[in-house]
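Note that these values count all heavy atoms, side chains included, but never hydrogens, waters or copies made by symmetry. Count residues from 1 along the sequence.
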Amino acid sequence: MAGTILVAGASGFIGQRLVRLLAAGGERVRCLVRRDVPLPPGVEPARGDLLEPLTLPTALDGVDTVYYLVHSMAAGRAGFEQRDRSAAENFATAASRAGVRRVIYLG
């Protein structure tokens, strides 16, 4: 079995379904969440926010693969592009430092 899989964007439409499938397939799954959300049994929540870089190292510790399903639209259209870019840059830096092997991005 591979290392832990982190799903960023696990509370979204695709993320919820992906997390269930991965967990049902016996994968070790961790979900990056900003607040408490219902997760399947055995799925580990990791508190963090892509716009707050200091929250990311713990979430990425021991992670081999990440599904990046996040787009920073929650705060509205104004500033969307900058928030989305900042989140991606923060994540890329933290993932690189953590030694993440694979990032799967949904655009």
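- Side-chain atoms of Y105 and V66, non-hydrogen and from C-beta on, never get closer than 4.5 Å to each other.
- Heavy-atom minimum distance, G15 versus L69: CA-CD1, 3.6 Å.
- L21 and F13 are not part of a single hydrophobic cluster, where members link through side-chain heavy atoms under 4.5 Å apart.
- Between the CZ atom of R85 and the CG atom of N90 there is a distance of 12.5 Å, given to the nearest 0.5 Å.
- The backbone N or O of I5 sits nowhere less than 3.5 Å from a side-chain atom of T65 that would complete a donor-acceptor pair.
- Both I104 and I14 belong to a single network of hydrophobic side chains, linked directly or stepwise wherever heavy atoms of I, L, V, M, F, W or Y lie under 4.5 Å apart.
- More than 12 heavy atoms of other residues, nucleotides or ligands sit less than 6.0 Å from atom CZ of R17.
- Of the possible donor and acceptor atoms, one in the side chain of R47 sits under 3.5 Å from a partner among the backbone N and O of R34.
- The minimum heavy-atom distance linking D84 with V70 is given by the pair OD1-O, 4.0 Å.
- Proximity of R30 to V63: side-chain heavy atoms (C-beta onward) are separated by under 4.5 Å at one or more points.
- For the atom pair CZ (R83) and CG (L51), the distance works out to 7.5 Å, reported to the nearest 0.5 Å.
- Using a 4.5 Å cut-off on side-chain heavy atoms (C-beta onward), V7 and L32 make no contact.
- Contact check for S11 versus V33: no side-chain heavy atoms found under the 4.5 Å cut-off.
- Smallest separation of non-hydrogen atoms from R28 and G3: NH2-CA, 3.2 Å.
- Residues L6 and V29 have side chains not in contact (no heavy-atom distance under 4.5 Å, counting atoms from C-beta outward).
- In this structure, Y67 and L106 have side chains that are not in contact, with every pair of non-hydrogen atoms separated by 4.5 Å or more.
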Chi angles and distances behind the side-chain hydrogen bond (donor to acceptor under 3.5 Å, both in side chains) call for Q82, S86: CA-CA 6 Å; Q82 182 56 44; S86 292; 2.9 Å; yes
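- Taking the side chain as every heavy atom from C-beta outward, V19 and C31 approach each other to under 4.5 Å.
- The distance from atom CZ of R97 to atom CG of L56, rounded to the nearest 0.5 Å, is 10.5 Å.
- The backbone N or O of T93 lies less than 3.5 Å from no partner atom in the side chain of S96, so there is not a single donor-acceptor pair.
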